Amino acid sequence: MANSSTEADRTGQIWEAEQNDIKIAPSSRDTTVTNTAEAASPSLQVKIRNANKAKKQAPRKPIIVPHITTAPAKQQLSRNQILQNEIRNEQTALVRTKAQLNVAKKKGDKAKTSRLEQEVRDREASIRAIQAEMKR
């Protein structure tokens, strides 16, 4: 019995010196008979340092994790729909270019007029090419 008492004191000293938060010490009981169920599964005494301080602290607020939603997947367009969108974009650009061409003609800016006429021809050719692609 005296041996387990000195061992417990030694464990206590080590625990104080190490600054660990948990102390596990074997229970003090008679260990002369080792073929018993109690000897096969010894119980332990567990002490937690600062246990009283932890209880006195105000309860922490729960962490709220925002719900993350993914953006809905873009609808897959068919080949025909993509080509129709391209034609619509080219037609819009053609109208804008023709309006710029008319303004340039009124101002008499020949360099800009010739550049815009070429752009109008390019847009019209692009529209024809996309329409031909749609017929395939």
Side-chain angles (χ1 to χ4, degrees):
M1 255 341 211
N3 188 22
S4 67
S5 165
T6 58
E7 188 176 310
D9 291 340
R10 187 168 175 264
T11 304
Q13 291 170 353
I14 293 172
W15 182 48
E16 294 296 327
E18 292 290 324
Q19 299 296 318
N20 289 331
D21 287 339
I22 300 174
K23 174 183 175 182
I24 301 174
S27 64
S28 59
R29 63 166 192 250
D30 185 22
T31 58
T32 58
V33 180
T34 57
N35 61 352
T36 63
E38 191 174 292
S41 60
S43 63
L44 299 176
Q45 295 173 351
V46 178
K47 294 182 182 178
I48 300 175
R49 183 194 324 255
N50 300 329
N52 293 336
K53 291 179 185 177
K55 289 179 183 176
K56 292 179 183 177
Q57 291 177 351
R60 295 182 182 174
K61 292 183 180 178
I63 298 172
I64 299 173
V65 179
H67 181 66
I68 300 172
T69 58
T70 57
K74 273 191 168 181
Q75 182 182 8
Q76 292 289 347
L77 299 176
S78 68
R79 180 179 178 275
N80 197 28
Q81 289 172 325
I82 293 170
L83 292 174
Q84 286 173 348
N85 287 343
E86 288 298 318
I87 288 175
R88 204 171 17 253
N89 292 342
E90 284 295 323
Q91 288 172 338
T92 303
L94 177 62
V95 169
R96 191 177 310 121
T97 305
K98 283 183 178 179
Q100 291 172 351
L101 177 61
N102 290 337
V103 170
K105 283 182 181 179
K106 287 180 183 177
K107 289 184 178 179
D109 189 354
K110 294 197 184 251
K112 192 171 184 179
T113 302
S114 64
R115 182 181 61 82
L116 289 171
E117 285 175 343
Q118 180 61 42
E119 192 174 336
V120 166
R121 287 191 294 273
D122 288 344
R123 298 272 181 203
E124 289 171 341
S126 179
I127 291 170
R128 284 192 302 273
I130 295 170
Q131 287 172 339
E133 185 67 28
M134 282 181 66
K135 290 179 182 176
R136 285 189 187 181

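What you are looking at is a predicted structure, and each value in this text was computed from that prediction instead of being measured. All values below come from the heavy atoms of this structure, side chains included, with hydrogens, waters and symmetry mates left out.
Atom CZ of Arg136 is separated from atom CD of Gln131 by 14.0 Å, given to the nearest 0.5 angstrom. Interatomic distance, Ile82 CD1 to Ile87 CD1, rounded to the nearest 0.5 Å: 12.5 Å.
The stretch residues 103-114 participates, sequence neighbours left out, in no side-chain hydrogen bond (donor to acceptor under 3.5 Å, both in side chains) pair at all. Judged as a salt bridge (Lys or Arg N to Asp or Glu O under 4.0 Å), the pairs with a partner in residues 76-91 (not counting sequence neighbours) are, in order, Arg79-Glu133, Glu90-Arg123.
Asn85 and Gln81 form no side-chain donor-acceptor contact under 3.5 Å, judged by distance and modelled atom types alone.
Tested against Val120, the residues Gln100, Lys98, Arg115 include a single side-chain contact (heavy atoms from CB on, under 4.5 Å) partner, Lys98.
Listed here is the closest heavy atom pair of Thr97 and Glu119: OG1-OE2, 3.4 Å.
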